[in-house]
Amino acid sequence: MEYNFKEIEQKWQSYWKKHNTYKTDIKENKEKYYVLDMFPYPSGAGLHVGHPLGYIASDIYSRYKRLKGFNVLHPMGYDAYGLPAEQYAIQTGQHPAITTDKNIERYREQLDKIGFSFDWDREIRTSDPGYYKWTQWTFIKMFESYYCYDEKQARPMTELIECFEQQGSKGLNVACTEELLFTAEEWNTKTEKERREILMNYRMAYLADTMVNWCPQLGTVLANDEVINGLSERGGFPVEQRKMRQWCLRVSAYAQRLLDGLDRIDWTESLKETQRNWIGRSEGAEMKFKVKNSDLELEIFTTRADTVFGVTFMVLAPESDYVCQLTTPEQAEEVAKYLEATKKRTERERQTDKKVTGVFTGSYAANPLSGEEIPVWISDYVLAGYGTGAIMAVPAHDSRDYAFAKHFNLPIIPLIEGCDISNESFDAKEGVMMNSGFLNGLSVPEAIKKAKEYVEEKGIGRIKVNYRLRDAIFSRQRYWGEPFPVYYKDGIPYMLPTESLPLELPEVTKFLPTETGEPPLGNATVWAWDETNKKVVETSKIDNKTIFPLELNTMPGFAGSSAYYLRYMDPHNDKALVDKKVNEYWKNVDLYIGGTEHATGHLIYSRFWNKFLFDLGVICEDEPFKKLINQGMIQGRSNFVYRITNTNKFVSLNLKDQYDTTPLHVDVNIVSNDVLDLDKFKAWRPEFANAEFILEDGKYICGWAVEKMSKSMFNVVNPDDIVENYGADTLRLYEMFLGPLEQSKPWDTNGIDGVNRFLKRLWGLFYDREGNFIVSDDKATAEELKTLHKTIKKVGFDIENFSFNTSVSAFMICVNELVALKCSKREILEPLVVTLASFAPHICEELYHALGYNTSVCNAEFPKYDEKHLVEATKKYPISFNGKVRFTMELPADMSKEEVEKATLADEQTSKYLDGKTIKKIIVVPGKIVNVVF
RNA sequence: GCGGCUGUGGCGUAAUUGGUAGCCGCGCUAGACUUAGGAUCUAGUGCCGAGAGGCGUGGGGGUUCGAGUCCCUUCAGCCGCACCA
């Protein structure tokens, strides 16, 4: 009987569904294990063969853990909000919900075919009101919280208000947008509106006028991680800087905890390093420079407090608030001209074009240590977003300041003995100080320390830690996202009561911004909040007395993906994001598998979001993902045909150099082992119908290259086709067999026959050609047991180490050996089937039942290996001479060192290789090797 | 520029962690069965060499009885960050 994968796979997929085999519940007597995949955005293109790679790996691990007796949570859902569906809606008028549902349905179909052990009862979609209710709920909690640096956690705003009432803002060590100073009396006399404006300065979720990455083509702002080299991540459109009133999340408050947490989680070093870079911690000093003839003080941040004596000028970012305060009337015109010019430059231009530009403000400041008078300039090499937006320039020891000083002819004072600054600055933090008053003679690290202390003592400034990590801009001028549970009274935002959540996304007539430039929600006719009746009503009823306008922005993509792992634990709970007891059982994700592209987006935001929920006391773990593995990308393997220029004639690969040719991509699905199917090629496109060919050995050989898998390269392979032709089990095995999970590698369907043959051969151990079940109850031999047990041992070890490719080859070796031994014994095959079941669940379920079981192999127990079957009586010792292996000798495994040495010397081949030379020494490593040195 | 990762047959890869480099699979070669082969089975297949043998893990150097594995250096590719004061 043939191995009929189609029948088998359908049969068991419906069996699993019918028997709820993958349904998971809390089992207090069992240890939990949580395996999570990064949930997909359901794109219109469907899955290609690269997408399921991580899912297959996590599925194998989940099934394995289950066989090992763990209670495994392994859910799946969809990141359903997103730009592509909305862009499609703008173009076609089709509601994004419809597009999304359709795409999800297709994804589900594709996923189902592969035989995953997901508990689909726990499916979530970020666009589902029952889900985003909790995204909105968390946002409200953020609005109602501030961050206390002393307690190192988020606290309720009510505590802060109490504090203001009693002592004002004095002595507070809390996260804020800007330092505000007011007394309790001042606070207590303020109006409601004034108070709310002040509170905004401290909220975890706050509304602020900030410089944002505005993308005109997408009509929305983007977060920093959504901008790559000055272009939008989605679509690659230019991005410009603009000041806009936006919702922001105070992620920066958590910078230190986000950094510290990295040391306690099992992620790859490269991923942690990326996050460390992104957080960008630097220790330094904040210092005040007095402005001449003014009460103003310029605040700057520096990591090189030791170089203050070398400050010969200061520079402001063009966006800095100081600019207008310091510009003198004489310079006003020039400054205005410069600001205008910089504004025109996009972020991208500013980054790529490193021409030195700048303008003098007309003002001077005083060096706080030397008292020297120094000019204040403006230049766009200073970033508004980092530090204070102003710097002290030390041209001798900073290359950017150096370039600026050279260009504008400003003085350069060297501060380190013996450094050469005639052509470039000396940036290294080493050497001995000079020209630096009380710092002279100290080494740079000593001087940094001493200068910082001095500055603090004299009240010139303070020691400060700065982070590159910015607060996340949380508003998007988009339709297809979570609505903010916010309405406005007199321009002041108020939160909806949490009992009124979810605030559902309204219908709109069109998905573009309104004529007045408001976001698409401005088109909604039912989008106003009735405060008394606590419900959404017609926009036309807005009277700003009891009925108020609702927020028109929506939340960004990372909102819904930040806490989804928690919702899987308790997906249908409408009383809480996750029940406390449930959360205490599942805790956090033990294994998270996904792509590396989320390193600075999702993986930072979800850690932040999670820490906030932890501070609220809603959840019990402060890091969401204990272990994280990045699966490598599956690249495409493209094929080429070579068209002779100006003809419709194609020449085979190895003859192409004799002609003038153009390579053309050809669909890999009509090429087999680099041999082109000529008929399919002619039928592929009308212009090739009359194509002629120059063949070699009667075949047309195509060229090939490894490229990104994409439609335009014609190298996309669809998993559906693989399942159709070879079955899901073969697909699963082959995806793993390709190579190490974390490595990128090209997909080449040609190799798939190997794993398919393996399954057929396995099948052949159970059934003969006539379809007779040939498994016997005979006693297994020592050799057969050894084959089995070494396989169980290796596969178990490999799975624990996520080395799935080597497990697959171990299975192949095992089956090859059993075939050679003609072993069809139950004693061997039964444990083998259970061991393989995580990789190839369908065929194993079939064989498990054929062996007489009527329960699922998913509920079996992973076999234990017994070392006693693995011990060898003899060892084939490689005998090497000066490190070169010459022959092998079979000796008893337990033979002593001395005896092995003796046996080696006694062998006649030894004298042959010695060739009369004297032996200097003999190295014998028992059980390993013999090395004769002469 | 800084940081991280990766370099092994024609291809994807393996190597018990310092101990016989190339396991497993693809491809290829030869053969068997066959009307046929994109089926199946058998044998071979790192390179050079008729052979003995030599050479081989991007290159160079080192440590070691012994290096794909450790150290130094260099090159190439991929990824991340990039005026971060």
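A, B, ... follow the sequence lines: proteins, then strands. Residue 1 opens every chain. From a predicted model like this one, the values you see are computed outputs, not experimental measurements.
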Base orientation of B:rG66, chi within 90° of 0 counted as syn, else anti, reads anti
Lys/Arg N to Asp/Glu carboxylate O, A:K793 vs A:E867, below 4.0 Å: yes
Are any of A:R757's side-chain N or O atoms less than 4.0 Å away from OP1 or OP2 of B:rG25? no
Mind telling me whether B:rU17 is syn or anti, cutoff 90° either side of 0? syn
Could you check whether the side chain of A:N277 and the base of B:rC81 have a donor-acceptor pair of N or O atoms closer than 3.5 Å, going by distance alone? no
Could you state the atom-to-atom distance from CG of A:D398 to C1' of B:rG1 in whole Å? 14 Å
Counting only side-chain N and O atoms of A:N931, is one of them less than 4.0 Å from OP1 or OP2 of B:rG66? no
Contact class for A:I391 vs. all strands (heavy atom < 4.0 Å): base, sugar-phosphate, or nothing? base
By the 4.0 Å heavy-atom rule, please label A:N805 as base, sugar-phosphate, or nothing. sugar-phosphate
Residue A:P746, side-chain atoms from C-beta onward, closest of B:rG19, B:rG12, B:rA82: B:rG12
Closest nucleotide of RNA chain B for A:S270 versus for A:V885: which of these residues is on the 5' side? A:S270
If you measure from the Lys or Arg side-chain nitrogens to the Asp or Glu carboxylate oxygens, is any gap between A:D907 and A:R886 under 4.0 Å? no
Interatomic distance, A:Y726 OH vs B:rA39 C1' [rounded to whole Å]: 12 Å
Classify the side chain of A:R400 and the base of B:rA85 as holding, or not holding, a donor-acceptor pair under 3.5 Å. yes
Hey, does A:R470 reach any base, or is it just sugar-phosphate, or nothing, if we go heavy atoms under 4.0 Å? nothing
Selected nucleotide, minimal atom distance to A:E273 side chain, candidates B:rC65, B:rG3, B:rC24: B:rG3
Touch check for A:R637, heavy atoms < 4.0 angstrom, all strands: base, sugar-phosphate only, or nothing? nothing
Validation row, ring centre A:W763 to ring centre A:F5 under 6.0 Å: no
Side chains of A:E430 and A:V444 in contact at under 4.5 Å (non-hydrogen atoms): no
